[in-house]
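The sequence lines fix the lettering, A, B, ..., with proteins before strands; numbering per chain opens at 1.
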Amino acid sequence: MNSQMTQLGPQSPPFGRVGQWIADQWQALTRPHPSITNSDLQRRARLAAGLCGSLLFTSLFLLIVRFDVLNALGIIGFAVSYGMSRWRVPQVSGLLVIISNLALSANGFLRVTNWAETSILAYVIWWALPLLVTVLILPPRFTLLAVLLHVPIFGVIFTLFPQARDIPAAIGSGISFGALLVASAFLQEYYLVRPQVAEAERAQKLLERRNQALERANRELREFSYVLAHDLRSPLLGIQGVVREMHYDLDTLEEAIKLGLAQLPTDEAEIARTVHDDTLPESLKMLDQSAERLKVMVNEVMALARVGQREFKLESVGLRSLMEGVVQRYAPTIQQQAATVTLSSLPIITTDRLAVEQIFTNLLDNALKYLRPDGPKQIHITYQRQAKEIVVQVQDSGRGIPEYDHAKVLQPFRRASNTDDVRGDGVGLAYVQSLVQRLGGRLWFQSQEGVGTTFFVSLPLDPQIELVNVNVNVTETPPNTGTTTS
Amino acid sequence: MNAYPLILVAEDERLHTIVLEKTLKRMKVTNPVQSFAHGGLLLAFLRGEEDYHERVLPDKLILIIDLNMPKVDGFALMEALNADPLWKAYPRIILSTSDDMDDMNRAQKLGYEAYFIKPPPYEELLAVIRKYDPPVQGE
């Protein structure tokens, strides 16, 4: 008993594997096509899904109550064809259903029906006139309803009142049928679709608000880091300047020190000489180097922070010619390394030219920098088009990134552990990521040490300028943060 | 009497002042140099106020101005200088860490002889200072 209970737990579908399959198909059928972005179309797709459900119910009814296998199958066919069309072009799909149901009756009349219906209903073409009118004149959602409901309605009417198979009754039932259609469509709209749309819109708004808050925090952080880096620069330059001045001071003192050393006792002179010859110059040199390193980092932080400050401009950018330009600039390095860089055909997309140029300059620079001296030296730049974005791949046959470094290489000032022999400040990829994110894309990579690395840059095909340049004067900005940057 | 102009430096970062003074000295610049921790002190010097009652103001001055300073910054200082016809004529050299276009444009509107981003190319800085040297004797 117990084991059976676990077997039939809440997760397992009611009819086992078949039930699961049906549930999967059902879900696939009712999910709006991913290409449908327009909310109105999404709404229609949901409506279609609901109607597919009622259709299946009808067919089940026919199957169980009337043992009418053929008609049930025909209606299932309808449902599936509607599900598959997913309302991409609703009018066309509605007409297709009608056309596919045109048939000649035995006595030569043209019928708008399907063969399964004909067998039970046996009505002639003008009985279906309300249906045709609905298809041609009314909005698509009525079309579907007309197609879906005329079978069971006529079925019920004709079964209960066989005498209704005459013209006035058909017209009467056509009118009541039309009224029923309208009512049903409104019921669907108000009780099924609208609450869902409202819910989705609420969720969307919430998400947008969160995004804005996040963006704002992000922007403040960028501004803060910019100001911080900017302010750090001044004393840093001072330190470096003074350290360099101290070298000159030491030179100036040279003569005096020599004279002084000559007058000291031997052992003290020895200590003083070590300080003068080694310790002091060494310390100054290290101070200078550290200050220099710090300065580079500060400059990079400023550059990173500036990504958030520059206003992006969306324009049509031919990636192929842009990429050729980038490769051209690296021609000397490529030649020197005896590397080959291949470019596939690349699309034209709407994006910010400078940002994309910086992204791929950095990625190419990276790929070239970390080629193995003794390995194959190939870099391939290709792309794939997907529904809403393109993914550009920069694939190299370089040294690869060790697995344990994967998490950190995209962070600022972090580098892979196998790069000590190559100069770099560890900011390039962080910069690239920052740019890609602002363009609304993503950056990721696959890498195997000793084999190579492939960087993937996804760029949206339809970037939103208001998302790319998050407006500073968002209406929801609380008044206490209303100060603008100076 | 033809003398080397007095160089007034408005710079809040003491280390920068030290480096500037030492570098100029090493480059054999004989102009007298006086430094101020912000623009307000330089203005006080020009006006002969506060600690500067005793000061002697020569005819010729060169001003080296940092933009980011506490109290009276470079922009405010230049605005104050522009308000006085005599002070307005003093040549100004901007010496700033800022490579921000907005800062540069703003400074340019207020007027300057030269704008250097720190650390400045000292040869060029020297060339600007030398422009105001007195004419060679015996001309």
Is it the case that atom [atom1] in [X] sees more than 12 heavy atoms from other parts of the structure closer than 6.0 Å?
| X | atom1 | result |
| --- | --- | --- |
| A:E255 | CD | no |
| B:M104 | CE | yes |
| B:M27 | CE | yes |
| A:R293 | CZ | no |

Straight-line distance of [X] [atom1] to [Y] [atom2], nearest 0.5 Å:
| X | Y | atom1 | atom2 | answer |
| --- | --- | --- | --- | --- |
| A:H230 | B:D103 | NE2 | CG | 6.5 Å |
| B:I117 | A:L237 | CD1 | CG | 11.0 Å |
| B:K118 | A:L236 | NZ | CG | 12.5 Å |
| B:K25 | A:E245 | NZ | CD | 10.5 Å |
| A:M302 | B:D100 | CE | CG | 8.0 Å |

Pick one of side chain, backbone, both or neither for [X], based on which atoms fall under 4.5 Å of a heavy atom in chain A.
| X | result |
| --- | --- |
| B:S96 | neither |
| B:R26 | side chain |
| B:D66 | neither |
| B:T17 | neither |

Would a 4.5 Å heavy-atom cut-off, applied to side chains only, mark B:K22 and A:D249 as touching?
-> yes

Minimal non-hydrogen separation, B:L15 against A:V242, with atom names | CD2-CG2, 3.5 Å

Over all atoms of both residues, closest heavy-atom pair of A:S234 and B:E13 | OG-OE1, 3.9 Å

Between chain A and each of B:D99, B:I18, B:D12, B:D102, count heavy-atom pairs under 4.5 Å; write down the option with the most.
-> B:D99

Best-contacting candidate, B:L20, B:T23, B:T97, against chain A by heavy atom pairs under 4.5 angstrom = B:T97

